[in-house]
Amino acid sequence: MVSKPFSVLTTDGMGRAPNRAMLRAVGFHDDDFSRPMIGVASLYSTITPCNSHLDRLAQAGIEGIRAGGGVPQIFGAPTASDGIMMGHMGMRYSLVSREVIADSIEVVVGGMNHDGLLAFGGCDKNMPACVMAMARLNVPSVFVYGGSILPGTGPDGCDIDIVSIFEAVGQFQAGSLDEAGVHAIECGACPGSGSCGGMYTANTMSSAIEAMGLSLPYDASHPAVSSAKEREAFLAGKALVRLIELGIRPRDIITRKSLENAYTFVLALGGSTNAVLHLMAIAREAEVPWTLADFDRISDRVPHLADLKPGGRYVMNDLHRVGGTPPVLRALLDAGYLHGDCITVTGKTLAENLEGVKSIYDLPQPYDPVVVRPLNDPLHASGHIVILHGNLATDGSVAKVAGLKKRSITGPARVFDGEEACAVALEAQEIKAGDVVVVRGEGPVGGPGMREMLSITAMISGQGLGDQVGLITDGRFSGGTHGLCVGHVSPEAWVGGNIALVRDGDTITIDADRKLLQVNISDDELERRRAGWTRPEVRVRRGALAKYARCVSSASEGAVTS
């Protein structure tokens with residue numbers, strides 16, 4: 001019989017008879033009280049296709065827990081949709097939801113003294129939130145990704161996805177696509193359940209979590225609508241009971257080495273800049289020392305291999321069709337980029353999990369060009385995510401350079417206080433080639449909530465300016481963003497970062513090769529402007545956003561509230 005190290009506090013002894021009485025009312029039998037009690041966090045909702053099928057996967061996980069000898073207890077947690085909240089004030093709640101979800105899972109699992117946690121997530125913020133809760137609680141845990149959506153079919157028969165419709169809006173504004181064309185793309189972009197198909201934030205984080213060892217092999221690449229994903233959910237339930245028996249906990253799995261594995265995989269696949277924010281937050285919850293310098297150190301040596309959207313041609317379903325995530329991990333392990341001795345939720349090391357798995361280079365890839373480029377002919381010789389510093393980002397900023405023709409720009413600043421003001425200028429086609437757009441007041445405190453700017457970057461791209469305009473912000477970018485864009489500028493404007501002092505017409509330099517972000521004015525001029533600057537009042541005074549603004553740390557520290 002598997003031990004129950006935590007739930008004994010809830011269920012055992014004469015004094016716990018009232019507790020057992022309530023548990024009997026939800027289906028417990030006598031012998032269930034001697035088995036490990038396992039929380040099943042299902043982020044199911046019909047708010048977004050990312051999560052609309054998680055109820056089915058959670059039921060398969062429950063069956064796996066029962067088969068393994070545990071007693072499951074399912075519960076929900078709030079979730080929100082980045083894609084639907086994009087472009088308006090609702091996006092303020094996106095990053096905030098990560099903290100709320102982590103807190104919610106902690107409250108249930110901690111309050112019930114669950115012996116383990118099986119979590120099902122599918123959208124950008126609920127996935128890192130689940131892992132943050134696992135690290136915080138440190139009870140045996142397994143994460144299951146809901147899986148990626150299948151590609152949609154565009155009017156011309158080509159594959160399309162969610163970013164296609166964002167960019168279609170920009171094409172409409174530029175006059176290159178009519179209203180009927182936008183409607184056709186709108187209707188075809190999202191054909192069913194699953195997370196956004198490119199190497200956007202959801203697929204980025206699922207890949208990172210698999211490489212970190214907190215999910216089963218192939219978790220990141222099994223499609224949402226597949227029997228493989230349902231089998232995986234069942235096996236994850238069984239694996240969790242085994243983890244409890246072995247006494248393996250999240251902090252045994254989340255280490256500096258496994259974080260290096262996670263970020264290495266993100267870089268090889270061309271993942272989202274949001275990985276920097278979320279991996280930093282996970283490291284802090286696990287109490288693992290980790291800084292922006294660690295991201296840059298790894299980025300300097302890891303090649304970008306996968307030709308995945310938004311910078312490339314393909315989506316996660318294409319990677320699935322050529323073998324999935326483990327063959328890529330095997331190639332990276334064979335080449336010396338990964339630590340194979342890291343323990344995982346299978347109870348085995350990463351290297352042991354990959355025994356018998358062929359390298360992606362030993363499998364046929366029926367695409368030209370191939371989905372995963374050879375190690376000696378990568379898309380980029382070093383990582384596509386770069387940490388920039390300079391007088392505009394003394395604490396750091398994050399840029400994604402995948403697929404860029406230009407890695408630097410020096411041009412006049414076009415300054416906007418908030419996303420909406422920038423959107424108005426773009427709709428009027430006031431942004432010109434060579435401009436450096438500054439969107440400020442969107443940081444963790446200033447937003448509050450650090451909104452993503454996908455609608456802005458998609459309009460820029462749709463207007464044909466993607467390679468001709470720079471964009472910097474103290475907010476974030478979606479994993480679907482591409483172009484010369486710098487986010488997470490720290491310190492943010494609201495707390496007095498130098499981005500607050502930039503004026504229209506100042507010359508700004510973004511240089512990914514020199515890792516530089518600066519406004520080209522003197523230190524004396526910056527200090528003169530600072531003397532006339534006053535910190536603005538917070539935008540929100542009540543509720544979740546106000547609490548977040550009071551508690552949140554800098555983006556350079558993961559924007560965590562704990």
Side-chain angles (χ1 to χ4, degrees), residues 80-95 124 162-179 181-183 185-186 189 200 273-274 310 400 409 411-444 446-489 492-494 499-500 502-505 508 510 536 539-540 545:
S81 169
D82 282 23
I84 299 171
M85 295 188 298
M86 198 73 68
H88 56 85
M89 289 299 182
M91 178 48 75
R92 286 179 172 177
Y93 289 94
S94 169
L95 192 58
D124 292 9
I162 187 63
V163 173
S164 305
I165 184 58
F166 276 101
E167 294 183 352
V169 174
Q171 292 164 0
F172 175 78
Q173 292 167 346
S176 59
L177 188 66
D178 62 17
E179 188 172 348
V182 174
H183 184 260
I185 295 172
E186 174 187 333
Y200 313 140
T273 54
N274 279 318
K400 183 177 181 180
I409 187 172
R414 293 295 312 278
V415 182
F416 301 96
D417 290 308
E419 178 183 0
E420 284 74 18
C422 184
V424 169
L426 278 165
E427 288 168 6
Q429 298 190 52
E430 295 175 0
I431 305 301
K432 306 301 180 185
D435 287 344
V436 178
V437 177
V438 179
V439 182
R440 65 190 179 194
E442 294 288 5
M450 206 178 178
R451 287 193 288 177
E452 291 182 349
M453 303 290 149
L454 177 58
S455 61
I456 298 297
T457 59
M459 281 192 280
I460 289 172
S461 180
Q463 291 180 18
L465 297 171
D467 293 321
Q468 303 174 62
V469 169
L471 172 59
I472 70 171
T473 180
D474 49 10
R476 297 181 294 127
F477 293 116
S478 162
T481 289
H482 57 104
L484 191 54
C485 303
V486 183
H488 308 198
V489 172
E492 62 174 288
W494 218 262
I499 190 174
V502 178
R503 296 175 181 172
D504 270 329
I508 290 177
I510 305 170
R539 284 184 166 133
V540 182
L545 292 176

Check your understanding: What's the verdict on side chain to side chain contact (heavy atoms under 4.5 Å, CB included) for Val415 and Arg440, showing C-alpha distance, side-chain angles and the deciding distance?
Key -> CA-CA 8 Å; Val415 182; Arg440 65 190 179 194; 3.4 Å; yes

Exercise for review: Go through Ile165 and Val182 one step at a time and tell me if the side chain to side chain contact (heavy atoms under 4.5 Å, CB included) criterion holds.
Suggested key: CA-CA 7 Å; Ile165 184 58; Val182 174; 3.9 Å; yes

Practice item. Starting from the C-alpha separation in whole Å, work towards a yes-or-no answer on side chain to side chain contact (heavy atoms under 4.5 Å, CB included) for Arg92 and Val540. Key: CA-CA 11 Å; Arg92 286 179 172 177; Val540 182; 3.8 Å; yes

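No side-chain heavy atom of Met85 sits under 4.5 Å from any side-chain heavy atom of Arg451. Residues Lys400 and Pro310 have side chains in contact (heavy-atom distance under 4.5 Å, counting atoms from C-beta outward).
The two atoms that bring Ala500 and Ala493 nearest to each other are CB-O, 3.6 Å, heavy atoms only. Between Ser455 and Met86, the shortest heavy-atom contact is N-CG, 4.0 Å. Between Gly446 and Glu492, the closest heavy-atom pair is N-OE1, 2.8 Å. For the residue pair Phe166 and Gly83, the shortest heavy atom distance occurs at CZ-O, 3.7 Å. Scanning both residues, Ala168 and Ile185, for their nearest heavy atoms gives CB-CD1, 4.0 Å. The two residues Pro448 and Arg539 come nearest to each other via the heavy atoms CD-CB, 4.3 Å.
The CD1 atom of Ile456 sits 10.5 Å away from atom SG of Cys485, with the distance rounded to the nearest 0.5 Å. In this structure, the separation between CD on Glu186 and OG on Ser164 is 12.5 Å, given to the nearest 0.5 Å. The distance from the CZ atom of Phe172 to the CD atom of Glu427 is 10.5 Å, given to the nearest 0.5 Å. Separation of atoms CD1 (Ile508) and CD1 (Ile499) is listed at 7.5 Å; rounding is to 0.5 Å. Expressed to the nearest 0.5 Å, how far CD of Glu420 lies from CD of Glu442 amounts to 6.5 Å. Atom CE of Met450 and atom CG of Leu95 lie 7.0 Å apart (nearest 0.5 Å).
For the salt bridge (charged side-chain N to carboxylate O under 4.0 Å, His left out) test, no residue two or more places apart in sequence or in another chain qualifies with Asp178.
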Which pairs would a plain distance check flag for residues 430-439, meaning a side-chain donor or acceptor within less than 3.5 Å of a matching protein atom at least two apart in sequence or in another chain?
{"from": "Lys432", "atom 1": "NZ", "to": "Gln429", "atom 2": "O", "distance (Å)": "2.9"}
{"from": "Asp435", "atom 1": "OD2", "to": "Lys432", "atom 2": "N", "distance (Å)": "2.9"}

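Within 6.0 Å of NE2 in His183 there are 12 or fewer heavy atoms belonging to other residues, nucleotides or ligands.
Using modelled atom types, one side-chain atom of Ser176 and one backbone atom of Gln171 make a donor-acceptor pair closer than 3.5 Å. Panel note: side chain Asp474, backbone Gly441; a donor-acceptor pair is recorded below 3.5 Å. Remark: side-chain polar atoms of Gln173 are not paired, donor with acceptor, to backbone N or O of Gln463 under 3.5 angstrom. A donor-acceptor distance shorter than 3.5 angstrom exists from the side chain of Asn274 to the backbone of Phe477, with no hydrogens or angles considered. Of the possible polar contacts, none joining the Arg476 side chain to the His488 backbone as a donor-acceptor pair under 3.5 Å is found.
There is no side-chain donor-acceptor pair under 3.5 Å between Glu452 and Ser94.
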